[in-house]
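Basis for what follows: all heavy atoms, side chains included, without hydrogens, waters or symmetry-related copies.
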Amino acid sequence: MTLTWRHDAHGWIARCGEELQGEARVVSFRGGWAWIVDMLPCSAEPAIVSNDVYVHLPDAQADAERQVQEWPTPIDGARRV
């Protein structure tokens with residue numbers, strides 16, 4: 001499943017989840033890009049974030065999409081927060 005990314009004030013965002021209730025975000029971080037996947041924003045449910053900083057935006061978006069597919073298990077290089 002490919003997410004539909006749109007630019008916003010924080011970087012890039014795509015709706016995700018069975019009912020599009022979640023958010024996948026790619027944000028500028030330390031001169032590169034990092035991603036965050038939160039299936040239930042504004043809840044106590046933990047989000048999953050990348051441990052890595054990506055040089056290229058498409059690489060960060062691809063791993064965020066991979067994390068959405070593997071939810072709720074963190075992919076390699078990710079952790080719950």
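Taking 4.5 Å as the limit, some side-chain heavy atom of L57 sits within range of a side-chain heavy atom of W12. Taking the side chain as every heavy atom from C-beta outward, Q21 and L40 approach each other to under 4.5 Å.
Side-chain N or O atoms of Q61 include none that pairs as donor or acceptor with a backbone N or O of D59 at under 3.5 Å. The backbone N or O of A64 lies less than 3.5 Å from no partner atom in the side chain of R25, so there is not a single donor-acceptor pair. A distance-only check finds a donor-acceptor pair linking the side chain of Q67 to the backbone of I75 [under 3.5 Å].
Under a hydrophobic-cluster definition in which Ile, Leu, Val, Met, Phe, Trp and Tyr are linked whenever side-chain heavy atoms come within less than 4.5 Å, directly or via other members, I13 and V27 are assigned to different clusters. The hydrophobic cluster containing V26 also contains W71, counting ILVMFWY residues as joined when their side-chain heavy atoms lie under 4.5 angstrom apart, directly or transitively. W5 and V68 fall within a single hydrophobic cluster, where Ile, Leu, Val, Met, Phe, Trp and Tyr are joined by side-chain heavy atoms under 4.5 Å apart, directly or via other members.
The list of side chain to side chain donor-acceptor pair (under 3.5 Å) pairs with a residue in residues 31-40, not counting sequence neighbours, reads W35-Y54.
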Q.
Between N51 and R79, does the side chain to side chain contact (heavy atoms under 4.5 Å, CB included) criterion hold? Intermediate values first, please.
A. CA-CA 7 Å; N51 288 331; R79 70 184 192 291; 2.7 Å; yes

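Of the listed residues (P46, C16, P72), just one forms a side chain to side chain contact (heavy atoms under 4.5 Å, CB included) with M39, and that residue is C16. Here the rule is side chain to side chain contact (heavy atoms under 4.5 Å, CB included) with P74, and of I48, V37, V49 only I48 fits it.
Environment of CG in D8: crowded, with over 12 heavy atoms of neighbouring residues, nucleotides or ligands closer than 6.0 Å. More than 12 non-hydrogen atoms from other residues, nucleotides or ligands lie less than 6.0 angstrom from NE2 of H7. Heavy-atom neighbours of R80 CZ from other residues, nucleotides or ligands within 6.0 Å: above the threshold of 12.
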